[in-house]
Structure formats: C-alpha cells, structure tokens
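Contents: one structure, followed by commentary.
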Amino acid sequence: MLDRARIIDGAVDLADRIRLEPLTIRRLAENLKVKPMTLYHYVEGKDDIIDGMVGKVFDEVGAADTTVPWKDAIRMRARSLRDALRRHPWAIPIMESRRKPGAQILDHHEAMLRVWLSTGYPLPVVAHGVAVVDAFVYGFALQETALPLGESGGDLTEASEDMVMPLAPDRYPSLVRFTMEHVMQPGYDFGASFEAGLDYVLEGVERAGSAAAG
C-alpha cells in the first residue's frame, strides 16, 4: 500500500543507490512501480520528499543524551551522526539546509542545544562549539566519501601505494615519508582521526568555555 512513509523510504533507498541529483519524481515512481502523478496524492513535490528524507536520516541519529556529561553526550551524538552520513552520503550537503524542518529535526536540535547550554558557558562559546563540532563531523564524513578507502572503510594502502610510487623522493620528501611511514603501515585507519579530531575540538571548546567563565 502506498503512503507517505513508503514514498520517503523508497526515496532514501534510491538515493543510497544513485545519489540525490539523479533522483526525480518519475524515477522514484518507477522504483515504487506506480505512476508519477500518484505520488502527488501523498507529497507536494520533490522538495517535500527531500524534507522527509532528511528527517528519515535524522531519525537514525541518536538524540543527545542529557543525562551524561556534556562531552560524552556530544561525542556519542557525533559518532551517531557520522555513522548515519556514511550510510547516506547524499545527505551530507543538505542535512542543515531545509527551510521546513519537521518535528523530528527540531526535537533533535533542541536536545543537542540543551546539552550545550548545560555547560554553563557563555552563548558565544556555545555557538562556536555547535558550529565547529557540526562542521567537523560533516566535513570528515564528506572526506570519507571522497577518499578511495578499502573494504574496511579506512584502509588507504593500495591507493596510497599507487600515488606515492611514481613520486620522486627528492622533490616530495615529506609526502613520501608521511605516506610510507604512516599511511601504509599495518593497522593504519583513516577513521581513527575522527576520534582524535573530535577530542581536539571538544577540549578546545572546554578550554575556551572555562576561560570565559573564569
């Protein structure tokens, strides 16, 4: 039976396979095995569908936990957001762009701001923290989708070897050294930089907040 939820689910599934740009009402209708005009009984158009798709992705992101220390809550939410964006990379550029956010999106942001405000830091510090953490998560997820990662999701060994082998060490000594001595070493995982970077950001926010409050 066709309804709005099935249309949104079908759109998310299709975008996961073909990305967002090629997704059209006609193509979605074909995927759902209905006529294009049938969709308009349940949605207003493509923008309405995209709003629903973004809401669906936010549903997969764990809401900020207001019962744990603020850094733990933000760290858990950041991990959950990154995981959702890895499943749905088409959503990265549009997650914060919707002009008509649904209740699930507003509830998500409300919980997140409640955690940030619980720090007691001045609002400018809170605002910087919100912006920088989100920029880090979205930016890291975007970079992950662009890199030629291996099946493990973080292994750049093969791609790095292909890139570095033709390079002249005397012209690119830093690039060759970094790649050979770090990226191509056993156990290297690009994703490990996510946890390190998140720690750097949160520790910086904490220092700024403590200084402003002190």
Side-chain angles (χ1 to χ4, degrees), residues 1-63 77-109 112 130-160 162-163 183 189-195 197-198:
M1 179 180 177
L2 189 66
D3 57 17
R4 179 180 174 83
R6 186 184 166 203
I7 291 171
I8 299 303
D9 287 345
V12 169
D13 178 69
L14 188 57
D16 288 345
R17 288 186 278 119
I18 68 172
R19 299 300 177 98
L20 188 63
E21 293 76 12
L23 194 156
T24 62
I25 294 289
R26 181 174 297 278
R27 195 160 185 178
L28 176 58
E30 290 174 355
N31 191 61
L32 293 171
K33 296 180 171 53
V34 298
K35 295 181 178 180
M37 290 305 298
T38 304
L39 301 184
Y40 288 98
H41 292 293
Y42 307 96
V43 296
E44 297 177 4
K46 186 173 179 179
D47 279 347
D48 188 25
I49 292 172
I50 292 175
D51 286 341
M53 293 168 68
V54 170
K56 184 76 174 177
V57 177
F58 265 113
D59 283 343
E60 297 182 19
V61 181
R77 185 262 187 181
R79 291 170 180 161
S80 183
L81 177 58
R82 176 199 175 202
D83 289 343
L85 295 175
R86 293 177 74 182
R87 291 189 293 269
H88 311 292
W90 52 266
I92 295 172
I94 63 171
M95 286 289 280
E96 303 292 345
S97 68
R98 311 318 297 164
R99 295 186 177 183
K100 295 181 180 179
Q104 69 271 54
I105 298 175
L106 295 175
D107 290 344
H108 186 95
H109 288 314
M112 195 63 195
V130 172
V132 173
V133 170
D134 276 0
F136 171 73
V137 177
Y138 285 117
F140 196 93
L142 181 62
Q143 190 170 19
E144 284 186 298
T145 67
L147 289 173
L149 300 177
E151 292 183 3
S152 68
D155 188 357
L156 284 166
T157 303
E158 184 176 346
S160 298
D162 291 342
M163 181 186 73
V183 177
D189 179 9
F190 174 77
S193 294
F194 180 82
E195 293 295 332
L198 193 56

Problem set entry | Pair Val137-Arg77, side chain to side chain contact (heavy atoms under 4.5 Å, CB included): steps then yes or no | CA-CA 10 Å; Val137 177; Arg77 185 262 187 181; 5.6 Å; no
[X] side, atom [atom1]; [Y] side, atom [atom2] - distance, nearest 0.5 Å:
{"X": "Leu39", "Y": "Ile7", "atom1": "CG", "atom2": "CD1", "answer": "4.5 Å"}
{"X": "Met95", "Y": "Asp134", "atom1": "CE", "atom2": "CG", "answer": "9.5 Å"}
{"X": "Gln143", "Y": "Ile92", "atom1": "CD", "atom2": "CD1", "answer": "11.0 Å"}
{"X": "Asp3", "Y": "His41", "atom1": "CG", "atom2": "NE2", "answer": "14.0 Å"}
{"X": "Asp59", "Y": "Gln104", "atom1": "CG", "atom2": "CD", "answer": "5.0 Å"}
{"X": "Lys46", "Y": "Leu23", "atom1": "NZ", "atom2": "CG", "answer": "5.5 Å"}

For this session: Mind running side chain to side chain contact (heavy atoms under 4.5 Å, CB included) on Met112 and Val130 for me, showing each step along the way?
Result: CA-CA 9 Å; Met112 195 63 195; Val130 172; 6.0 Å; no
Problem set entry | Arg82 NZ/CZ over Phe194 ring centroid, <6.0 Å and within 45° of normal | yes
Give me the atom names and distance for the closest heavy-atom approach of [X] to [Y].
{"X": "Ala15", "Y": "Met53", "answer": "CB-CE, 3.6 Å"}
{"X": "Ala84", "Y": "Val61", "answer": "CB-CG2, 3.8 Å"}
{"X": "Leu32", "Y": "Gly10", "answer": "CD2-CA, 4.2 Å"}
{"X": "Gly62", "Y": "Ser80", "answer": "N-OG, 2.7 Å"}
{"X": "Ala11", "Y": "Ile49", "answer": "CB-CG2, 3.6 Å"}
{"X": "Asp16", "Y": "Arg87", "answer": "OD1-O, 3.6 Å"}

For this session: Anything under 30° is parallel, anything over 60° is perpendicular, the rest tilted; go ahead and classify Phe190 against Phe140.
Result: parallel
For this session: Walk me through it: do Arg27 and Asn31 pass the test side chain to side chain contact (heavy atoms under 4.5 Å, CB included)?
Result: CA-CA 6 Å; Arg27 195 160 185 178; Asn31 191 61; 6.0 Å; no
Lys/Arg N to Asp/Glu carboxylate O, [X] vs [Y], below 4.0 Å:
{"X": "Arg79", "Y": "Asp83", "result": "no"}
{"X": "Asp9", "Y": "Lys56", "result": "yes"}
{"X": "Asp13", "Y": "Arg6", "result": "no"}

Problem set entry | Flag if over 12 foreign heavy atoms under 6.0 Å of CZ, Arg26 | no
Exercise. Side chains of Arg98 and Asp47: does their closest heavy-atom pair fall under 4.5 Å?
Worked result: yes
Seminar exercise, completed: The residue among Val57, Leu85, Thr145 that forms side-chain contact (heavy atoms from CB on, under 4.5 Å) with Trp90 is Val57
